[in-house]
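Quick caveat, the model's predicted, so the values are computed rather than measured. Atoms considered below: every heavy atom in the structure, side chains included; atoms not considered: hydrogens, waters and symmetry mates. Labels below follow one simple rule: chain letters A, B, ... track the order of the sequence lines, proteins then strands, and each chain is numbered from 1.
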Protein chains: 2
Amino acid sequence: MPRGFGHGGPWWHTRFRGAGFRITVPRQAILEVLSKTQKHLSAEDVYMAVHRICPTVGLTTVYRTLELLVDMGLVFKFDFGDGRARYELALGPKGERHHHHLVCTNCGRVIDYTEFIDDEIELLQQTEKGLSKKYNFDITHHLIQFYGLCDKCKGR
Amino acid sequence: MPRGFGHGGPWWHTRFRGAGFRITVPRQAILEVLSKTQKHLSAEDVYMAVHRICPTVGLTTVYRTLELLVDMGLVFKFDFGDGRARYELALGPKGERHHHHLVCTNCGRVIDYTEFIDDEIELLQQTEKGLSKKYNFDITHHLIQFYGLCDKCKGR
DNA sequence: CTCCTTATTGAAAATGGTTTCCATTATCAA
DNA sequence: TTGATAATGGAAACCATTTTCAATAAGGAG
């Protein structure tokens, strides 16, 4: 466990208090769900998982909280093209398990890969620097995804 | 070659005939609209532009045709995070004006950039090769986007 | 610990982009 | 020209997400 419920509570409590947000049961449940999976959960997925911990939490609150977490930078939001957004805990820009995605356009399967991340990151940072300067943009994040057919789907 | 309605018709006629699809008025209008802009049009945008050429074409047909064109690889479909898909003519993988996007998360403005494409493409091809092998994927395309605040929005 | 302000919540309704249905129309091979 | 059937368009259905609003609860003040 990310330890320390004693005084400040879990790591994210500070972030919330600092931003003037309240620490509520639904928010704790949602963050607990997110921190216990490696999967790319949809809002509905989160809702169902949270429901097991705290059945009174509504889907609306899940959407609202996810949006809040995305705005705070604690959670990433992805679109894999199946019409519903996916969420995963951020865990630091180049922190543990920073990864990109490989999406099967046939079955929708998503593979996280970390193999070539280092080179990618390096190039991206160069590019970001160039783009920032040229277009006077403050670049906050990027998205890289590869699409294709997974081994199970390529045979048809 | 963008000429010659005489016998084969425009360049894409061959693709259509070869795939067994019919060449219809709505499809011609939609392709005409797409080929005459550099912008990232939504389905509604395309619908309105097509409406000027051929007022009887319905929104349903626009959606269906765009999907068909995406499936055929003639058109790219993007998601810039504003809840509606955007479309643009493909014009070849590394063909003329191949570009990536820079999206302002505040006002939604999208800038196409081509500056660092060459290095990016090179890295991507390496990565694609590695990923294909390791995960046994047939990679068909990729997506790179940078997000941040544009010069007009960064001041707030 | 209690009170009070107000951020947060949840149910239901609204939204809005996209898809489906289905009867009608139009393409194009024969 | 004709016939099989792909394609079309309007209306209705879909469905993820957002909005509305009255009820609830977090947490600082006293």
| task | State the OH-OH distance between A:Tyr87 and A:Tyr63, to the nearest 0.5 angstrom. | result | 6.5 Å
| said: Quick one: does any side-chain atom of B:Thr65 pair with a main-chain N or O of B:Arg27 as donor and acceptor, under 3.5 Å? | reply: no
| task | Can you tell me the distance, in whole Å, between the CZ atom of A:Phe16 and the P atom of C:dA7? | result | 15 Å
| Over how many whole Å does the gap from B:Leu68 atom CG to C:dT18 atom P extend? | 17 Å
| request: Starting from P on C:dG17, measure out to CG on A:Asp79 and report it in whole angstrom. | output: 16 Å
| Atom-to-atom span, CZ of A:Arg17 to P of C:dA7 - whole angstrom | 17 Å
| request: Considering only NZ, NE, NH1 and NH2 on the basic side and carboxylate oxygens on the acidic side, decide whether A:Asp151 and A:Arg109 come within less than 4.0 Å. | output: yes
| field | Atom-pair distance (CZ on A:Phe21; C1' on D:dG27), nearest Å | value | 16 Å
| remark: Only residue of B:Asp82, B:Val110, B:Asp79 satisfying side-chain contact (heavy atoms from CB on, under 4.5 Å) with B:Val103 is B:Val110
| field | Members sharing A:Leu123's hydrophobic cluster (side chains within less than 4.5 Å) | value | B:Leu123
| message | Regarding A:Arg84 and A:Glu44, does a basic nitrogen lie under 4.0 Å from an acidic carboxylate oxygen? | response | no
| Which whole-number value in Å describes the distance from B:Leu66 CG to D:dT8 C1'? | 15 Å
| Whole Å only: how far is the CD atom of A:Gln28 from the C1' atom of C:dT8? | 14 Å
| Protein proximity profile, nucleotides 14-25 of chain D - base contact B, sugar-phosphate-only contact S, no contact -, cut-off 4.0 Å on heavy atoms | --SBBBB-----
| said: Using heavy-atom distances to pick each residue's nearest nucleotide on DNA chain C, tell me which of A:Thr61 and B:Val25 is more 5'. | reply: A:Thr61
| query | Rounded to whole angstrom units, what separation is found between the CD1 atom of B:Ile23 and the C1' atom of D:dT8? | reply | 17 Å
